[in-house]
Protein chains: 2
Amino acid sequence: MSVRHPEVTTTCDEVRDLLERLGDRWSIYVLYEVADAPRRFRGLQRAIPGISQRMLTLTLRRLEEQGLITRTVYATIPPQVEYEMSDLGRSLGTAVLGLVTWLRENGEPLERARERFARAHGG
Amino acid sequence: MSVRHPEVTTTCDEVRDLLERLGDRWSIYVLYEVADAPRRFRGLQRAIPGISQRMLTLTLRRLEEQGLITRTVYATIPPQVEYEMSDLGRSLGTAVLGLVTWLRENGEPLERARERFARAHGG
DNA sequence: CAGGATCCAAGAAGATACTG
DNA sequence: CAGTATCTTCTTGGATCCTG
């Protein structure tokens, strides 16, 4: 996740930091799965095809670190841990909806740009 | 930039694809620099501390591929190439402003979450 | 069940030298 | 000036084994 410079953080840096965190391999999928109801580790792994145990753990920790999800441990046997989206996470979800809207409205020009580029260069 | 599956692309996949592209090391900085006026290669490299020639080239190509910036070559001596933000890029910029707003409004809770996490674990 | 620890492979990024 | 080519380094992520 690279080095950060809290002392000289500009808006650009902050945005990049956020985009970098959300744009990693699995965060969005985990956030999506956790959005509606509390979820457990196994359930998440089954719901997200291809994610490894390690990456699920890492992704959950990072999201928890940012306060986007909460982690609740129940001292039962067998152990039970629930992950749930926090209010902060939900508000971020709303903000991200702006990007979803943009994608819906611009999927077409985006696709044409890619095709044009592919034709122009050795695509 | 990983494998993509055009056939089974869900909304989640598309959003991740976008976040992944914007969340890389340099894209945001380049977009920021190019936002106001046409810029040239050298100028961009001087304006973005730490970026290498190679990464500037790669980042510019990727942004051009997505149609977010345009590239114009003037057949002069010495050669002159101008990079400029496209309408598509500008509209995306507007969408990203939603995230900037979210950051401004939630920078505080975000910071507290990180500190709490650091204290709870071996920070 | 919910992970922690370790090892390894692939891709991203940096450094450097060279060119039309 | 605006790159390309090549080599090396660093970072992510996957596979596997182990534990409370």
Side-chain angles (χ1 to χ4, degrees), chain A residues 1-4 13 16-17 19-30 33-34 38-65 69-84 117 120-122, chain B residues 1-4 13 16-17 19-30 33-34 38-66 69-84 117 120-123:
Chain A
M1 213 153 259
S2 89
V3 187
R4 305 220 161 61
D13 290 322
R16 208 223 2 143
D17 183 277
L19 289 172
E20 193 174 54
R21 290 177 196 278
L22 293 178
D24 73 352
R25 188 84 181 77
W26 301 108
S27 288
I28 282 292
Y29 298 114
V30 172
E33 289 296 329
V34 149
R39 300 293 298 271
R40 299 174 60 178
F41 193 91
R42 279 286 163 197
L44 286 173
Q45 191 170 13
R46 271 189 288 267
I48 304 171
I51 195 170
S52 66
Q53 221 169 40
R54 177 172 180 276
M55 288 317 295
L56 180 53
T57 301
L58 281 179
T59 305
L60 287 168
R61 289 291 168 282
R62 288 176 195 156
L63 295 176
E64 190 198 352
E65 180 181 7
I69 65 174
T70 62
R71 176 174 185 270
T72 313
V73 182
Y74 298 97
T76 58
I77 295 177
Q80 179 172 346
V81 179
E82 280 189 353
Y83 294 95
E84 190 168 6
F117 186 89
H121 306 67
Chain B
M1 213 150 259
S2 89
V3 186
R4 303 218 162 63
D13 291 320
R16 204 212 20 131
D17 182 277
L19 288 172
E20 193 174 53
R21 290 178 195 277
L22 292 180
D24 73 353
R25 188 88 181 75
W26 302 108
S27 288
I28 284 291
Y29 298 113
V30 172
E33 289 297 329
V34 150
R39 301 293 298 272
R40 299 173 61 177
F41 193 91
R42 277 286 162 197
L44 287 172
Q45 191 170 11
R46 271 189 289 265
I48 304 171
I51 195 170
S52 66
Q53 224 170 34
R54 182 182 122 85
M55 288 316 296
L56 180 54
T57 301
L58 282 178
T59 304
L60 287 168
R61 289 292 169 282
R62 294 201 269 244
L63 295 175
E64 189 197 353
E65 179 181 7
Q66 306 306 308
I69 65 174
T70 61
R71 176 174 185 271
T72 312
V73 183
Y74 299 97
T76 58
I77 295 177
Q80 178 171 348
V81 179
E82 280 190 353
Y83 294 93
E84 189 169 4
F117 186 91
H121 306 66

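Labels below follow one simple rule: chain letters A, B, ... track the order of the sequence lines, proteins then strands, and each chain is numbered from 1.
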Rounded to whole angstrom units, what separation is found between the [atom1] atom of [X] and the [atom2] atom of [N]?
X: I77(B); N: dG20(C); atom1: CD1; atom2: P; value: 14 Å
X: H121(B); N: dG4(C); atom1: NE2; atom2: C1'; value: 13 Å
X: Q80(B); N: dG3(D); atom1: CD; atom2: P; value: 11 Å
X: R21(B); N: dG11(C); atom1: CZ; atom2: P; value: 16 Å
X: L60(A); N: dG3(C); atom1: CG; atom2: C1'; value: 11 Å
X: D24(B); N: dT11(D); atom1: CG; atom2: P; value: 16 Å
X: E20(B); N: dG13(D); atom1: CD; atom2: C1'; value: 12 Å

Interatomic spacing from [atom1] in [X] to [atom2] in [Y] - rounded to 0.5 Å:
X: T59(B); Y: I28(B); atom1: OG1; atom2: CD1; answer: 11.5 Å
X: L58(B); Y: W26(B); atom1: CG; atom2: CH2; answer: 12.5 Å
X: R61(B); Y: F117(A); atom1: CZ; atom2: CZ; answer: 6.5 Å

Pick base, sugar-phosphate or nothing for Y74(B), based on heavy-atom distances below 4.0 Å to the nucleic acid.
nothing
Can you name the side chain to side chain contact (heavy atoms under 4.5 Å, CB included) partners of E82(B), sequence neighbours left out?
P38(B), R40(B), Y74(B), Q80(B)
Check the phosphate of dG11(C) against R25(A), side-chain N and O only, distance under 4.0 Å to OP1 or OP2. Yes or no?
no
Using OP1 and OP2 only, check whether a side-chain N or O of Y83(A) sits under 4.0 Å from dG3(C).
yes
Contacts of E33(B) meeting salt bridge (charged side-chain N to carboxylate O under 4.0 Å, His left out) (sequence neighbours excluded), chain-then-number -> R39(B)
Can you sort out which residues in residues 38-46 of chain A have a heavy atom within less than 4.0 Å of DNA chain D? Ascending by number, please.
none
Heavy atoms from C-beta onward define the side chain here; which of dG20(D), dG3(D), dG4(C) lies closest to that of R61(A)?
dG4(C)
Which nucleotide in the list dA13(C), dG14(D), dC1(C) gets nearest to the side chain of R62(B)?
dA13(C)
List for me each residue that meets side chain to side chain donor-acceptor pair (under 3.5 Å) alongside [X], sequence neighbours excluded, and say none if there are none.
X: S27(A); answer: D24(A)
X: E64(B); answer: none
X: Y29(B); answer: D13(A)

Of residues 48-57 of chain B, the positions that come close to DNA chain C - non-hydrogen atoms, cut-off under 4.0 Å
Q53(B), R54(B), M55(B)
Using residues 45-57 of chain A as the side-chain source, report each donor-acceptor pair under 3.5 Å to any protein atom, sequence neighbours left out, with the distance given to one decimal.
from	atom 1	to	atom 2	distance (Å)
S52(A)	OG	M55(A)	N	3.2
T57(A)	OG1	Q53(A)	O	3.0

